[in-house]
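Notes follow the structure.
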6 protein chains.
Amino acid sequence: MKILVVNPNTTASMTAKIGAAARSVAAAGTEIEAVNPAMGPVSIEGFYDEAFCVPGLITEVMAGEKRGAQAVVVACFDDPGIDAARTVTSIPVIGICEAAMRMAGFLGHRFTIVTTLPVSLPAMDGLIRRYGMEGRGRARAAGVPVLALEDPASGAVEKVRAEIRRAIAEDGSECILLGCAGMADLARELTAEMGLPVIDGVAAAVKLAEGLVGLGLSTSKVAGYARPGVKPYAGMLEGFAPS
Amino acid sequence: MKILVVNPNTTASMTAKIGAAARSVAAAGTEIEAVNPAMGPVSIEGFYDEAFCVPGLITEVMAGEKRGAQAVVVACFDDPGIDAARTVTSIPVIGICEAAMRMAGFLGHRFTIVTTLPVSLPAMDGLIRRYGMEGRGRARAAGVPVLALEDPASGAVEKVRAEIRRAIAEDGSECILLGCAGMADLARELTAEMGLPVIDGVAAAVKLAEGLVGLGLSTSKVAGYARPGVKPYAGMLEGFAPS
Amino acid sequence: MKILVVNPNTTASMTAKIGAAARSVAAAGTEIEAVNPAMGPVSIEGFYDEAFCVPGLITEVMAGEKRGAQAVVVACFDDPGIDAARTVTSIPVIGICEAAMRMAGFLGHRFTIVTTLPVSLPAMDGLIRRYGMEGRGRARAAGVPVLALEDPASGAVEKVRAEIRRAIAEDGSECILLGCAGMADLARELTAEMGLPVIDGVAAAVKLAEGLVGLGLSTSKVAGYARPGVKPYAGMLEGFAPS
Amino acid sequence: MKILVVNPNTTASMTAKIGAAARSVAAAGTEIEAVNPAMGPVSIEGFYDEAFCVPGLITEVMAGEKRGAQAVVVACFDDPGIDAARTVTSIPVIGICEAAMRMAGFLGHRFTIVTTLPVSLPAMDGLIRRYGMEGRGRARAAGVPVLALEDPASGAVEKVRAEIRRAIAEDGSECILLGCAGMADLARELTAEMGLPVIDGVAAAVKLAEGLVGLGLSTSKVAGYARPGVKPYAGMLEGFAPS
Amino acid sequence: MKILVVNPNTTASMTAKIGAAARSVAAAGTEIEAVNPAMGPVSIEGFYDEAFCVPGLITEVMAGEKRGAQAVVVACFDDPGIDAARTVTSIPVIGICEAAMRMAGFLGHRFTIVTTLPVSLPAMDGLIRRYGMEGRGRARAAGVPVLALEDPASGAVEKVRAEIRRAIAEDGSECILLGCAGMADLARELTAEMGLPVIDGVAAAVKLAEGLVGLGLSTSKVAGYARPGVKPYAGMLEGFAPS
Amino acid sequence: MKILVVNPNTTASMTAKIGAAARSVAAAGTEIEAVNPAMGPVSIEGFYDEAFCVPGLITEVMAGEKRGAQAVVVACFDDPGIDAARTVTSIPVIGICEAAMRMAGFLGHRFTIVTTLPVSLPAMDGLIRRYGMEGRGRARAAGVPVLALEDPASGAVEKVRAEIRRAIAEDGSECILLGCAGMADLARELTAEMGLPVIDGVAAAVKLAEGLVGLGLSTSKVAGYARPGVKPYAGMLEGFAPS
């Protein structure tokens, strides 16, 4: 089975880390193809970056499917472009925020998302509402930019660790969700250290992707995720016109 | 006061209709600038088109602000790109779905959105949840493509009319929301005909825009709608990098 | 256009302040008629006062409509008598709490209402639920009686300011809502000072009223806001019988 | 124990019926005092009547407490004036809608409220939301005016019966709530006839009142239901000023 | 009237205390039969104990009904086995958590449950959601094991008292709910001491039971609470097979 | 990897079918051990059976873990005993209702559960609320007893098929969830036939179990799912006392 993991930003070191995290949990027969778009933002911090990662994400999803991918993981905790990506393919498309929340839901009741910057907190609130987890989950920001997670000297990991400790002490959380794909390498270590499940959405989504493929299920095409109707697109985005 | 009304698709006839609808309700001192992007989809039907209208929408928002716009109306009932657009400017940005729902909320309790195609119903469900109107509103599709509304011979208006009559008969609705900017010209006539408020989101949003400008309020910049951090964007979208 | 702004308490100085706030945002062609009932409570603090302001409020709404008002603003943050007022007229009736929440919703995700006394907090909780904003908004009390806001020597404004600072520090709020019509004069100054939108419901409601009138919309009469059926009322309230 | 049952409209025949219903379920030591105000609407149908029954209701509550009542039942299914009434006394105040919903909640999951006229449906929706029963309950109107229930020749009871049968057939309801105090005499007969609990709110509230009194509990005075602060009221309502 | 109060754990001293609490509020004609099963856990702390109290609870419910009980109170704040118990009998079955919440709802808006151990907090969260009280109530743990409440030397009562004081100071609660049947003896004293309603679910449920019996209502048998279909059960539980 | 699939009823033919369904989707290295308890109900239809399957279920979970199981699937769509089972082990425990809903959530917005008998509809409503899917999902009953699904001559499968067709026609559903483990063999065929995802919870849960094991995650032990405290149990259930 081949799973496409799209890091929707353009930072190759982060793609490599995400790919490694994906491979570290992939089943024996699963091939992980970790890619990032050639176009778009170098990191995704807030709604603007989120919107501009979508064309590149869609490009990668379509190309990946042609190369034989059977499911897609979108490796950004804002779940950007998820709905659009689901329309261009029948293979399952999984966002890492939804993936992490669902896995957490089997392991405990209350959870805390520890994300990077406060700019992302309203987006997290929105996803908690979208996914029906009001009253079970909340979000906190560790105060680290996404790319600081790529720099061992930044102290970012220590800030994440400290925020997780605050969540455990103050929120009564039973699970911690790492609120950025750039934290994907931390989950196992922090799970052991903190004494409760610390969940990385990339890994969670890979297993969900394997699961959906194994079930022979594909995205429903009867309503919201129907193929885009054929129509012209103008200008720079002409090449994205559904055909 | 100058209000930018962005039709986020590229169909000029629809922009003209939207602009006329906007002007028909604008206050004496309000200048309506109705534009559409040069890039992107010819109509917005479903999540894919929605995603690809955003770059053009953002371009128009930024250009419009430079030309002196004091508020922006996004004239598509899916409220596409609303969150992203709010980050690039301090002037208020108003989606027509949220606008129509809020105006309806002052006039009655239960409402029905009559939109174009069934592909949009899950998006409408999602917006009803996002805006906290579960239990008050529902959505129906009239079964007409967006651009059929541009063609008097298509019979589209009759289908909309019939669906509104079903909503009144079956849903106990106190207000009807026209679920597509392409229906903007129908609101007054249908309000009179149906005997209850039939609300066009474009017109509603223009009045809300005038209101927010008149209040001297601008988009909050302390969290989710903070200006995008400066960072490089790659490839085709390079020009959209926040600077 | 003529908008009736009813301060539903009987304190004329507060009516004057509210009227000034309303006029300061009214459009060029808008005439603001700010009134208060001759009967009822001198200030509205809690559910009891709220109930007893309604007959006076209704009286003013009906008289105002006869004098040509095209919309009504009810200038008390508890939104008292809103539903009843909507039944006696076809012109739109807007409560300042709902108005402020809706305007805030276009500018940010999380908000805090800063009201006067703790007695009003359960009413605020109830309105947050009624308007579907659970998980986005919360309420705090500054600990000032309503009429202290009429007395510059009371220190009330400083207490409001301090509570707003606590809300910003502790709640992650993107907008502040001034939870009493008696704070209507503070919004612009505090918006500048606090660096985020500080919203006065009176001003917000005036702009919404202008908007609804400009749209040619009136209150739906098909269900909950239908005209009261003709019937006798007994005793002191005989004069209020629907006819 | 003495329980005051206030029919908040002025129709004495309905008060008698309500009193009889209350007495038919009252415990051995419970004295039911059924009263109606001298002022206010002859029946309560919609938000306007609801608002104008409150002064008379409050008058009766205060007078009843002075005569030794230990709890109050407000016998109108819209639960009018409940919050205000709770502020003027420490004795428990129970609305019949909340009472009926709570009793139903112990006997089944889904319920339907069968009320009088469609004008009341939005009020019912609002109470379902207020009491947290979204997804469990819905409301239907039998199409009978309140006072038709006082007239055996009106056919009103047959219409109620027919609407209950539709609710059972179409809603999957496990309990029926009689959505008007004027139906209080029908509960036992319809329970037997329909084969499921048909709940009258008046009777339900009497038992809840007995319960709260028996528990020695009184209305919380620490926040929303604190005694109204002393202040002047003007005009016709002067006599209602808190003192 | 005879009410069966089942302490679903096997600790006789706690049954005695619960029985006394029940009797202290029972009406003149009410006989309280307080029992506990011969089988099952000595105390109920968390989901596991909760599951294993159910067979004993059901046994007691069925036996109690044969001895003439007209209603059942399940005296554990987790409301264990409530749904199952409702299927085996037509007499009303009342859980003390639901009972306490409903009584609190008539007396104030916000409440706090003070329970024993943190292990029970997710169960409390789940019940708050089940009963539709999100946004009104929260839960806290006093950090005392259930059986410490049976031991005057344990200091348990002081810890409960301290936690209640924290709830009042920090939560803005208008009512306190004692989150364990083992606290049933504390309600009256703490109500007086704390100056707000401190509600014991056992007592609350007894009054609700009296109420439902007085109304002549029984559990709805049309859907979820229909009698279990006749079928064989195997092994140790053979005797529980529905017949 | 070894996954224990517990059919919590005692019908071996159903266990065999469930085991086959589980194996048909299991990954290459996954061993499925399908078991059913020796004690308890022959089928689970409603809350009573649900409660009495739990001791047998727990026995199987504990025995299975000793034999090396790394995750548990509870193969009944009511998700019975899930919370209790999670306390006795650290390995993940997955209910098939939650599993099916979560998988559906990645493939479409609206879903319908097609279950066996109307007695189960309130339980389904409760799970939809528990899992936060209000407004996205509803439940229907095909009117077939569980064990009719074991009898090819019963016509049960045709009734399920017909109910699915009604769901597609009337609910606008994008996914169908088979609401009984006894339908596990139908998913692939019906998915092909109906043209949208028809999801069997057993298969879904197996893949989620593989996923959670692959992630190295275990049930959180910090609050609700902590190991049961050591204490005596009396009577028939003595052997279940936590030790």
Side-chain angles (χ1 to χ4, degrees), chain A residues 9-10 36-43 45-59 80-88 117-126 129-130 132 141 145 147 222-229 231-242, chain B residues 9-10 36-43 45-59 80-88 117-123 125-126 129-130 132 141 145-147 222-229 231-242:
Chain A
N9 73 37
T10 61
N36 60 254
M39 72 177 105
V42 72
S43 64
E45 294 164 317
F47 295 117
Y48 184 84
D49 294 337
E50 206 182 293
F52 281 97
C53 77
V54 181
L57 166 65
I58 296 287
T59 302
I82 282 292
D83 287 321
R86 285 179 181 150
T87 68
V88 296
L117 294 173
V119 71
S120 293
L121 293 176
M124 294 298 105
D125 283 0
R129 179 180 276 230
R130 173 175 170 163
L147 295 185
V222 303
Y225 298 140
R227 294 262 170 195
K231 67 182 62 166
Y233 277 26
M236 185 196 289
L237 298 167
E238 194 176 13
F240 288 98
Chain B
N9 73 38
T10 60
N36 58 255
M39 73 176 104
V42 73
S43 64
E45 293 163 319
F47 295 118
Y48 183 85
D49 294 339
E50 209 181 290
F52 281 96
C53 78
V54 180
L57 167 65
I58 296 287
T59 303
I82 282 293
D83 288 321
R86 284 177 182 153
T87 67
V88 297
L117 294 173
V119 71
S120 293
L121 293 177
D125 283 0
R129 179 180 274 230
R130 172 175 171 163
V146 170
L147 295 185
V222 302
Y225 298 141
R227 293 265 171 193
K231 67 181 61 167
Y233 277 26
M236 185 196 288
L237 299 167
E238 194 176 14
F240 288 99

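Just so we're clear, the structure is a prediction, and the values are computed from it rather than from any experiment.
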What option among [options] has the most heavy-atom pairs under 4.5 Å with chain A?
options	result
B/S43, B/P80, B/A85	B/S43
B/G81, B/P122, B/C53	B/P122
B/P37, B/P55, B/G56, B/A141	B/P55
B/A223, B/A51, B/A241, B/G235	B/A223
B/I82, B/D83, B/T87	B/D83

Suppose we screen for side chain to side chain donor-acceptor pair (under 3.5 Å). Which residues come up paired with B/Y48, at least two apart in sequence or across chains?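 Partners of B/Y48 by the side chain to side chain donor-acceptor pair (under 3.5 Å) criterion come out as none, since no residue qualifies.
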
Non-neighbouring partners of A/E45 that pass salt bridge (charged side-chain N to carboxylate O under 4.0 Å, His left out), sequence neighbours left out: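 Salt bridge (charged side-chain N to carboxylate O under 4.0 Å, His left out) list for A/E45, sorted by chain: B/K231.
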
Taking the side chain as every heavy atom from C-beta outward, state whether B/P242 and A/D49 have any atom pair closer than 4.5 Å.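 Yes, side chains in contact.
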
Counting only non-hydrogen atoms closer than 4.5 Å, does B/T10 touch chain A with its backbone (N, CA, C, O), its side chain (CB onward), both, or neither?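 Contact with chain A: side chain only.
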
Under 4.5 Å from a heavy atom of chain A, the part of B/V88 involved: side chain

Highest number of heavy-atom pairs under 4.5 Å with chain B: which of [options]?
options	value
A/V54, A/I58, A/N9	A/I58
A/R227, A/R129, A/E50	A/R129
A/A38, A/P118, A/P145	A/A38

Under 3.5 Å, side chain of A/R130 to main-chain N/O of B/R130, donor-acceptor pair present? no

Below 4.5 Å from any heavy atom of chain B, which atoms of A/V119 appear? Answer side chain, backbone, both or neither. both

Can you tell me which portion of A/S120 sits under 4.5 Å from chain B's heavy atoms? Options are side chain, backbone, both or neither. neither

Calculate, to the nearest 0.5 Å, the distance between atoms CE and OH belonging to A/M39 and B/Y233 respectively. 13.0 Å

